[in-house]
Amino acid sequence: MTGRIWPPREPGPWLRRGALLLVLAAVVAGSAPRTLPDRFHAQGLAIAAGPKIELKVGGQPRWVPLGWRLSDAIRQFRLRAPAGDLMAVDGAVLRHGAFPGEVLLNGEAVPHGTRLEAGATISVRPGPDRVEPLDRLELDFDATERHDPEFSLETGPGHQVLTSGAISRRGVSRVFQPTAPPHDPDAVALTFDDGPWPENTPKVLDVLAKARVKATFFLVGGQVRKHPELVGQELRAGMALGSHSYSHPQPFGALSGDAIRREIDQGVAALADLGVKTTLFRPPGGAIPPAVVSAARAKGLHTVVWTVDPDDWKRGTTADQITQRVLAEAKPGAIVLLHDGGGDRSATIEALPRIIDGLKQRKLSFVTL
């Protein structure tokens with residue numbers, strides 16, 4: 001490698017004579033002789049005198065003592081390589097500074113103890129931002145098999161790929177490739193979440209009984225423990241029951257694998273202690289990353305989500321809004337999400353008879369899951 005060294009290692013007679021003249025001129029001027037080029041002094045570096053070499057740091061020429069190592073230059077010039085972040089599949093930062101950057105010598109990562117040579121180039125390479133790996137679940141369905149997770153009553157053969165971030169469990173993507181035309185029945189399924197709830201569940205059951213409609217209730221295990229008598233009312237009314245976890249934690253998909261399994265197990269156990277054996281599971285928030293669906297399948301449970309969500313659980317939503325949203329979105333094969341638990345559901349109870357009447361006018365029947 002070629003480069004500049006100051007002073008030259010083997011000065012000739014001409015340099016000795018020049019140096020003597022410089023000293024004499026300095027004495028005459030009343031100043032000390034210079035030992036480095038003016039450009040070196042202009043850099044204002046607090047480094048020891050002696051032989052120097054010239055190199056480039058960040059594209060700028062710099063003089064440093066002969067014998068310096070890369071670590072000396074890093075310290076002297078305060079070189080810092082920014083670290084890259086670990087990113088979720090949805091673009092959120094999961095961990096700042098997860099992937100360190102590097103200080104390069106002549107474009108290569110070398111030990112910081114490497115000696116510097118004249119003409120060397122020191123540069124900084126920031127750490128890369130990297131996206132978390134994907135978790136993946138692939139399933140095949142036959143012509144009559146219900147899909148899992150189930151968004152609607154539609155059946156049909158095909159191949160499904162479910163993916164999400166393996167760490168964040170976010171960015172869930174479901175791709176279903178049918179191998180034959182699907183079938184949508186002329187029916188809808190009304191479902192109710194977050195109960196049983198003393199103030200609401202009996203009123204919902206009363207509306208359904210008067211309309212001669214059956215529905216599916218996804219029950220929170222903790223509420224089942226508190227109000228077993230309401231579970232009995234639902235069973236006697238001929239309703240289908242599924243689990244909605246034990247304590248309804250959210251975001252459900254972000255829980256650890258152990259926590260997901262524990263919530264599923266305890267929710268099912270609360271029903272089993274009342275003699276109810278279910279194969280249905282609806283995760284809180286409709287969280288369906290592969291980790292959740294796989295955990296449910298391992299327990300023999302079928303994951304159900306929904307087609308229509310009128311946001312009846314949001315504070316301030318009116319009965320008119322709930323009715324309009326359901327009737328606008330419900331098509332043959334729809335699974336409608338409603339709530340009988342979690343708070344005041346008077347708007348849902350008021351909307352329910354109108355929803356049922358509107359769907360009946362379309363000649364749609366009502367089925368349970």
Side-chain angles (χ1 to χ4, degrees), residues 141 144-156 158 160 172 174 176 178 181-195 197 200-201 203-219 234 237-242 244 280-288 302-369:
F141 303 98
T144 60
E145 190 176 3
R146 294 163 60 187
H147 300 167
D148 188 6
E150 187 174 17
F151 289 84
S152 72
L153 303 176
E154 176 186 288
T155 56
Q160 174 183 277
V172 175
R174 174 183 177 266
F176 182 79
H183 171 68
D184 283 311
D186 290 327
V188 294
L190 297 180
T191 65
F192 295 87
D193 282 12
D194 298 350
W197 206 267
N200 306 319
T201 303
K203 295 177 183 177
V204 170
L205 291 174
D206 184 55
V207 172
L208 295 174
K210 290 178 180 178
R212 297 184 179 180
V213 167
K214 305 300 183 189
T216 304
F217 288 76
F218 288 94
L219 310 182
E234 292 170 330
M239 305 300 165
L241 304 183
H244 194 36
L280 302 176
F281 174 64
R282 175 172 280 168
I288 55 166
H302 181 82
T303 299
V304 180
V305 276
W306 54 80
T307 317
V308 180
D309 177 7
D311 289 338
D312 68 323
W313 54 272
K314 288 186 178 180
R315 187 185 300 274
T317 304
T318 67
D320 287 342
Q321 290 173 322
I322 297 169
T323 303
Q324 188 275 331
R325 291 168 184 171
V326 172
L327 296 181
E329 299 177 29
K331 304 293 188 295
I335 297 175
V336 179
L337 171 65
L338 295 166
H339 293 79
D340 67 318
D344 179 12
R345 298 293 173 240
S346 57
T348 300
I349 295 167
E350 181 183 342
L352 186 55
R354 288 185 266 167
I355 290 171
I356 293 172
D357 289 342
L359 295 175
K360 283 183 175 180
Q361 289 175 14
R362 300 179 190 178
K363 308 302 181 184
L364 293 173
S365 60
F366 295 86
V367 298
T368 62
L369 300 171

- [ ] Heavy atoms only: give me the nearest Q321-G316 pair and the separation to one decimal.
- [x] OE1-O, 3.9 Å

Task: L327 side, atom CG; Q361 side, atom CD - distance, nearest 0.5 Å - done: 8.5 Å

Task: Inter- and intrachain pairs under salt bridge (Lys or Arg N to Asp or Glu O under 4.0 Å), touching residues 319-332, at least two apart - done: D320-R354

- [ ] Look at the side chain of D340 and the backbone N and O of R345, then say whether any donor-acceptor pair between them is shorter than 3.5 Å.
- [x] no

Task: Smallest separation among heavy atoms of A215 and F192, with atom names - done: CB-CE1, 3.7 Å

Open item on the list: Could you measure the distance from the CG atom of L190 to the CG atom of L352? Nearest 0.5 Å is fine.
Closed with: 6.5 Å

Open item on the list: Going by salt bridge (Lys or Arg N to Asp or Glu O under 4.0 Å), name the residues that satisfy it together with D309, two or more places apart in sequence or in a different chain.
Closed with: none

Task: Nearest-0.5 Å distance that lies between atom CG in L205 and atom CG in N200 - done: 11.0 Å

Open item on the list: If I take atom CG from residue L219 and atom CG from residue L241, how far apart are they, to the nearest 0.5 angstrom?
Closed with: 5.0 Å

Task: Partners meeting ring pair (Phe, Tyr, Trp, His ring centres under 6.0 Å) with H147 (sequence neighbours left out) - done: F141, F176

Open item on the list: Restricting to non-hydrogen atoms, name the atom on V305 and the atom on P149 that form the minimum distance, rounded to 0.1 Å.
Closed with: CG2-CB, 4.4 Å

Task: side-chain contact (heavy atoms from CB on, under 4.5 Å) partners for A211, two or more places apart - done: V213, I356, K360

Task: Shortest non-hydrogen separation from A347 to A319 and the atoms involved - done: O-CB, 3.5 Å

Task: Side-chain donor/acceptor of K214 to backbone N/O of A189, under 3.5 Å - done: no

- [ ] Without swapping roles, check the side chain of S152 against the backbone of T307 for a donor-acceptor pair under 3.5 Å.
- [x] no

- [ ] Over all heavy atoms of both residues, which pair between I288 and P283 is shortest? Give the atoms and the distance, please.
- [x] CG2-CG, 4.2 Å

Open item on the list: My understanding is that only residues two or more places apart in sequence, or in another chain, count here; which of them pass side-chain contact (heavy atoms from CB on, under 4.5 Å) with T216?
Closed with: T191, F218, A240, L280, T368, L369

Open item on the list: So, using side chain to side chain donor-acceptor pair (under 3.5 Å) as the criterion, who are the partners of Q324 when residues are at least two apart?
Closed with: none

Task: Backbone of A330 reached by a side-chain donor or acceptor of R362 within 3.5 Å - done: yes

Open item on the list: Going by the rule side chain to side chain donor-acceptor pair (under 3.5 Å), which residues pair with D206 if we only count those two or more places apart in sequence or in a different chain?
Closed with: K210

Task: Listed partners of S346 passing side chain to side chain donor-acceptor pair (under 3.5 Å), at least two apart - done: D344

TODO: List the steps, then state whether side chain to side chain contact (heavy atoms under 4.5 Å, CB included) holds for I322 with E350.
DONE: CA-CA 9 Å; I322 297 169; E350 181 183 342; over 6 Å; no

Open item on the list: Is there a side-chain contact between F366 and V188 in this structure, where contact means two heavy atoms from C-beta onward sitting under 4.5 Å apart?
Closed with: yes

Open item on the list: With heavy-atom distances below 4.5 Å as the criterion, would you say the side chains of T317 and P310 are in contact?
Closed with: no

TODO: Return each pair, listed once, that meets salt bridge (Lys or Arg N to Asp or Glu O under 4.0 Å) where at least one residue sits in residues 182-193; pairs must be two or more places apart or across chains.
DONE: D193-R282

- [ ] Can you sort out the partners of E154 under salt bridge (Lys or Arg N to Asp or Glu O under 4.0 Å), two or more places apart, ordered by chain and number?
- [x] none

Task: With sequence neighbours excluded, residues passing side chain to side chain donor-acceptor pair (under 3.5 Å) with H339 - done: D312

Open item on the list: For a quick test of reading the model, state the closest non-hydrogen atom pair linking L364 to P332 and the distance between them.
Closed with: CD2-CG, 4.0 Å

Open item on the list: I want to check something: taking the side chain as every heavy atom from C-beta on, are V204 and F217 in contact at a cut-off of under 4.5 Å?
Closed with: yes

- [ ] Please test I355 against V336 for side chain to side chain contact (heavy atoms under 4.5 Å, CB included), starting from the C-alpha separation and ending with a verdict.
- [x] CA-CA 10 Å; I355 290 171; V336 179; 5.7 Å; no

